[in-house]
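The basis for the numbers below is simple: all heavy atoms, side chains too, and nothing from hydrogens, waters or symmetry mates. This chain uses plain numbering: 1 for the first residue, then up along the sequence.
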Amino acid sequence: SDGSISLNLVYGDEFILHGKPALVLSIRDIGQQREQELLIKESQERLSQAMEAAQLGFWDMQLNPLHFFASARGAALHGLPEQPLHGSMRQYMQHVTPADQQRIEQFFKDFISGKLTELQTIYSIQLPDGQLRYLESNSKLYRTADGQQQRVTGIVRDITERIEHE
């Protein structure tokens with residue numbers, strides 16, 4: 001033994017052996033697992049900070065089963081409460097102007113059918129206070145190893161100032 005300290009997880013269970021109570025224990029070193037968890041957490045924090053610095057929101061639509069997620073910033077950019085959204089694409093896009101709504105819905109149908117694999121688009125939303133906001137979204141379709149459509153993931157940014165100055 002080298003005198004090092006390890007982080008272990010101990011499991012124990014009582015059972016009957018030859019008519020007498022007995023105890024079995026297993027000990028597992030989880031030091032590497034904890035180290036990997038910490039590295040993942042640090043990586044997630046760095047990505048979150050970079051997204052915040054760039055003022056980007058993101059969204060993700062899992063296709064099978066269908067599930068929609070948007071980051072707190074992504075939801076706020078769409079005129080929703082600034083909290084993560086676990087819901088539907090329709091909920092996320094409820095403030096998209098009627099002129100853009102049908103076009104955006106068709107894009108999502110094209111992603112789901114596999115006709116579309118990447119998209120950069122600009123659309124407008126009307127906030128509850130009547131203000132118009134222009135958003136740009138870049139998105140991509142991801143497939144499983146066997147080629148099935150798995151998810152569409154994208155980022156969104158507010159480009160209102162840029163549009164108004166053009």
Side-chain angles (χ1 to χ4, degrees), residues 7 9 29-166:
L7 183 60
L9 186 60
D29 182 349
I30 59 169
Q32 263 189 333
Q33 178 183 336
R34 290 288 189 245
E35 190 175 311
Q36 289 172 341
E37 289 170 357
L38 181 61
L39 290 173
I40 289 170
K41 183 178 179 188
E42 289 172 353
S43 178
Q44 288 172 331
E45 287 174 1
R46 282 192 297 273
L47 177 59
S48 179
Q49 291 167 348
M51 296 281 289
E52 185 178 325
Q55 298 180 338
L56 296 174
F58 74 92
W59 56 268
D60 179 74
M61 184 171 65
Q62 182 178 322
L63 300 176
N64 192 12
L66 192 59
H67 182 302
F68 190 88
F69 170 81
S71 67
R73 181 178 296 276
L77 287 172
H78 283 81
L80 302 170
E82 191 166 353
Q83 60 192 31
L85 171 68
H86 295 270
S88 69
M89 186 225 16
R90 187 169 307 280
Q91 187 179 5
Y92 183 65
M93 303 300 266
Q94 66 184 315
H95 296 300
V96 173
T97 58
D100 289 332
Q101 200 150 44
Q102 190 173 17
R103 184 173 59 88
I104 299 298
E105 286 177 10
Q106 186 60 50
F107 288 148
F108 277 97
K109 288 176 185 175
D110 289 347
F111 271 124
I112 291 169
S113 72
K115 291 180 189 173
L116 197 57
T117 59
E118 291 186 36
L119 176 67
Q120 178 180 1
T121 190
I122 295 171
Y123 55 95
S124 57
I125 64 166
Q126 186 159 15
L127 299 172
D129 66 4
Q131 179 186 4
L132 210 56
R133 179 180 289 164
Y134 293 92
L135 302 177
E136 178 179 49
S137 183
N138 296 54
S139 49
K140 182 173 179 160
L141 172 68
Y142 291 90
R143 298 177 183 273
T144 61
D146 64 355
Q148 298 297 309
Q149 296 96 319
Q150 181 179 30
R151 65 183 348 109
V152 180
T153 300
I155 60 161
V156 61
R157 70 174 62 85
D158 185 344
I159 60 165
T160 304
E161 286 185 28
R162 185 179 90 195
I163 295 292
E164 289 175 348
H165 287 103
E166 288 179 356

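Atom CD of E161 sits in a sparse spot, with 12 or fewer heavy atoms from other residues, nucleotides or ligands closer than 6.0 Å. More than 12 heavy atoms of other residues, nucleotides or ligands lie within 6.0 Å of CD in Q94, so this atom counts as buried by the packing criterion.
Note on residues 69-84: pairs passing side-chain hydrogen bond (donor to acceptor under 3.5 Å, both in side chains), not counting sequence neighbours, are H78-Y92, H78-Y123. Sorted by first and then second residue, the pairs that involve residues 30-40 and meet side-chain hydrogen bond (donor to acceptor under 3.5 Å, both in side chains), not counting sequence neighbours, are Q33-E37, R34-E37. Contacts classified as salt bridge (Lys or Arg N to Asp or Glu O under 4.0 Å) and involving residues 85-98 (residues at least two apart or in different chains) are given here: R90-E105.
Two residues are said to be in side-chain contact when any heavy atoms from C-beta on lie closer than 4.5 Å; D158 and L135 meet this criterion. Counting only heavy atoms from C-beta outward, the side chains of M89 and L66 never approach each other to under 4.5 Å. Looking at R157 and N138, their side chains come closer than 4.5 Å, going by heavy atoms from C-beta outward. Contact annotation: the side chain of H95 never approaches that of R133 to less than 4.5 Å [non-hydrogen atoms, C-beta and beyond]. Looking at heavy atoms from C-beta onward, T117 lies in side-chain contact with R143 at the 4.5 angstrom threshold.
When every heavy atom of F69 is checked against every heavy atom of H67, the shortest pair comes out as N-ND1, 4.1 Å.
The CG atom of L141 sits 11.0 Å away from atom CG of D110, with the distance rounded to the nearest 0.5 Å. The distance from atom OG1 of T144 to atom CG of L63, rounded to the nearest 0.5 Å, is 10.5 Å.
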